[in-house]
There are 2 protein chains.
Amino acid sequence: MRVSREQMAENRERILDTASTMFRERGFDGVGVADVMKAVGLTHGGFYGHFSSKDDLAAQALGRAFVHSNRWAAEAKSAEPEAPLQAIVSRYLSPSHRDDPGQGCPVAALGCDIARQGEASRLAATEGVRAAIAGLSAIEPGATADERRTSAIANYATLVGALVLSRMVDDAALSDEILAAAGAALQSAEA
Amino acid sequence: MRVSREQMAENRERILDTASTMFRERGFDGVGVADVMKAVGLTHGGFYGHFSSKDDLAAQALGRAFVHSNRWAAEAKSAEPEAPLQAIVSRYLSPSHRDDPGQGCPVAALGCDIARQGEASRLAATEGVRAAIAGLSAIEPGATADERRTSAIANYATLVGALVLSRMVDDAALSDEILAAAGAALQSAEA
DNA sequence: CTCTTTATATGATCATGATCATGTAAATTC
DNA sequence: GAATTTACATGATCATGATCATATAAAGAG
């Protein structure tokens with residue numbers, strides 16, 4: 001049965017948001033088109049009216065995840081204007097972020113998979129990473145713009161790597177230790 | 001047709017090594033049992049004489065990848081005893097490592113996927129990470145063992161994150177920049 | 001050298017999942 | 001309000017891939 005134009009637009013948004021979360025939780029290959037549609041409350045048949053393929057969905061959902069992620073960083077930043085970097089670091093390396101990949105950083109959740117995805121997804125990810133680096137560079141201490149950019153990239157890498165390691169490991173104590181160690185190193189680097 | 005006991009043992013080794021490489025290159029879901037067997041020069045039928053399931057293979061292949069990876073680090077270390085950490089960092093962040101995931105660090109190649117794998121793979125990865133941290137701690141400067149362990153973990157995270165980001169991004173210049181920035185940050189931290 | 005065992009090959013099976021075909025009812029259009 | 005679209009549902013299709021069943025020839029036991 002047909003639905004109104006705005007209902008359709010809303011459905012499309014829901015599909016994107018849902019897919020964005022599900023992909024981060026289960027990986028691109030762990031989620032089927034039908035799974036996403038079902039989670040949205042629709043059936044698989046209507047999918048190709050919204051997207052041309054699963055890859056198309058993946059790329060757009062990934063783009064959305066990056067937008068949310070970078071918005072999240074901006075919010076952390078403005079919530080504590082005196083220590084924006086500390087705010088981002090401590091939220092990024094929090095157990096709640098580790099335990100909720102579906103709402104978290106797409107790089108930590110899907111980074112290795114993205115490297116093997118099609119061009120559209122790679123491009124969306126590239127833009128997302130560029131934006132993240134720019135956002136971090138803006139709040140990084142350092143004399144020159146180059147210095148700030150270099151440490152922004154290095155800190156970004158540390159955040160991503162620590163989150164990946166902490167999620168990978170099957171030992172809660174080690175996982176917590178990894179988050180704490182990366183956090184400590186990033187704090188002390190702000191000398 | 002039957003083969004000798006040693007031939008069989010060698011086949012098993014080849015399956016493990018091949019799978020270890022292929023999984024790192026294409027991800028767990030990107031490689032089928034039949035693909036691995038074919039790459040070894042066998043057919044899919046014999047697979048279950050060697051392993052109880054694909055998951056079983058994945059866990060064992062992952063364990064093997066970690067062993068090789070940690071051995072690789074030890075070699076880099078002993079190749080340049082005056083600056084072991086620098087040796088590891090520069091090899092880890094080299095373009096050749098980035099461009100050859102099949103022979104490289106399993107965390108960077110499969111980290112996000114491992115977090116969603118079964119218990120056996122998670123355990124193998126946990127042991128591998130523990131060993132890597134221990135290895136890095138041993139060459140990390142720092143007054144106390146705690147300090148050395150903390151910076152080992154943070155540096156490990158930086159290496160992993162930088163490699164993941166550099167592989168993800170669809171822009172050669174940005175990819176190189178990420179490797180270089182992480183390398184620079186890790187060098188200057190050795191003050 | 002014969003008998004038994006077994007590592008692999010060949011060929012199912014069975015489930016999952018992407019994509020397409022068709023129908024229908026509700027929204028738009030006129 | 002009738003005619004026309006069209007978003008979605010239902011139900012194929014078709015390929016892929018894990019796993020199992022059976023056959024066979026070569027290895028190892030006696």
Side-chain angles (χ1 to χ4, degrees), chain A residues 1-62 110 113 116-121, chain B residues 1-62 110 113 116-121:
Chain A
M1 65 302 244
R2 199 178 176 186
V3 300
S4 72
R5 290 201 186 299
E6 43 182 335
Q7 181 59 249
M8 184 200 174
E10 188 192 313
N11 285 346
R12 185 196 153 85
E13 293 302 297
R14 300 251 318 280
I15 294 170
L16 272 174
D17 281 330
T18 304
S20 162
T21 294
M22 291 180 79
F23 282 141
R24 277 177 283 177
E25 285 172 350
R26 308 192 212 160
F28 292 116
D29 292 330
V31 180
V33 164
D35 294 329
V36 175
M37 295 301 277
K38 191 178 201 176
V40 172
L42 300 174
T43 59
H44 61 283
F47 177 78
Y48 291 89
H50 291 284
F51 303 94
S52 68
S53 67
K54 185 184 176 182
D55 272 0
D56 180 24
L57 171 69
Q60 295 196 43
L62 190 58
L110 296 166
D113 298 317
R116 304 177 210 108
Q117 286 292 115
E119 198 184 3
S121 289
Chain B
M1 65 302 243
R2 197 178 177 184
V3 300
S4 72
R5 290 199 188 300
E6 42 182 336
Q7 182 59 251
M8 184 201 176
E10 189 191 312
N11 286 344
R12 185 197 153 86
E13 293 303 297
R14 300 250 318 280
I15 294 170
L16 272 175
D17 281 330
T18 304
S20 163
T21 294
M22 291 179 80
F23 283 140
R24 276 177 283 179
E25 285 172 351
R26 308 193 213 158
F28 293 115
D29 292 331
V31 180
V33 164
D35 294 328
V36 175
M37 295 301 278
K38 190 179 204 175
V40 172
L42 300 174
T43 59
H44 63 282
F47 177 77
Y48 291 89
H50 289 285
F51 303 94
S52 68
S53 67
K54 186 184 176 182
D55 272 0
D56 180 24
L57 171 68
Q60 294 196 44
L62 190 58
L110 295 167
D113 298 318
R116 305 176 209 108
Q117 286 294 113
E119 198 185 2
S121 290

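Note on naming: letters A, B, ... go to the chains in the order of the sequence lines (proteins, then strands), and numbering restarts at 1 for each one.
As a whole-Å value, the separation of Phe51(A) CZ from dC8(D) P is 11 Å. One can place NZ of Lys54(B) at 8 Å from P of dG17(D), the figure rounded to the nearest angstrom. Protein atom NE2 of His50(A) is 8 Å distant from nucleotide atom P of dA7(D), rounded to whole Å. Between the CG atom of Asp55(A) and the C1' atom of dG17(C) there is a distance of 14 Å, given to the nearest Å. Distance CZ (Arg14(A)) to P (dC8(D)): 11 Å, rounded to an integer number of Å.
Evaluation of the side chain to side chain donor-acceptor pair (under 3.5 Å) rule for Thr21(A) yields Gln103(A) as partners, not counting sequence neighbours. By the side chain to side chain donor-acceptor pair (under 3.5 Å) test, Asp56(B) pairs with Ser52(B), Gln60(B), sequence neighbours left out. Take Asp29(B) and apply the side-chain contact (heavy atoms from CB on, under 4.5 Å) test, not counting sequence neighbours, and it matches Asp29(A). Every residue meeting the salt bridge (charged side-chain N to carboxylate O under 4.0 Å, His left out) condition with Asp17(B), not counting sequence neighbours, appears here in chain and number order: Arg64(B). With sequence neighbours left out, Glu119(B) forms a side-chain contact (heavy atoms from CB on, under 4.5 Å) with Asp170(A), Leu123(B). Residues satisfying the side-chain contact (heavy atoms from CB on, under 4.5 Å) test with Ala59(A), not counting sequence neighbours, are Ala120(A), Ser121(A).
Contacts between residues 19-40 of chain B and DNA chain D, defined by a heavy-atom separation below 4.0 Å, involve Val31(B), Gly32(B), Val33(B), listed by number.
Among residue pairs with one or both ends in residues 2-21 of chain A, none qualify as ring-ring contact (aromatic ring centres under 6.0 Å, His included); sequence neighbours excluded. For residues 8-35 of chain B, the set of pairs meeting the ring-ring contact (aromatic ring centres under 6.0 Å, His included) definition, not counting sequence neighbours, comprises Phe23(B)-Phe28(B).
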Can you pull every protein N or O that's under 3.5 Å from an N or O on nucleotides 10-15 of chain C?
| unit_1 | atom_1 | unit_2 | atom_2 | d |
| --- | --- | --- | --- | --- |
| dG11(C) | O6 | His44(B) | NE2 | 2.6 |

Worksheet, complete the sentence: Scoring nucleotides 23-30 of chain D by protein non-hydrogen atoms under 4.0 Å (B base, S sugar-phosphate only, - none) yields --BBBS--
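Looking only at distances, a side-chain donor or acceptor of Arg12(B) sits under 3.5 Å from a matching main-chain atom of His50(B). Of the possible donor and acceptor atoms, none in the side chain of Asn11(A) sits under 3.5 Å from a partner among the backbone N and O of Met8(A).
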Would you mind writing out the side-chain donor-acceptor pairs for residues 36-44 of chain B within the sub-3.5 Å range, not counting sequence neighbours?
none

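Here Asn11(B) does not reach the OP1 or OP2 of dA7(C): none of its side-chain N or O atoms lies under 4.0 Å away.
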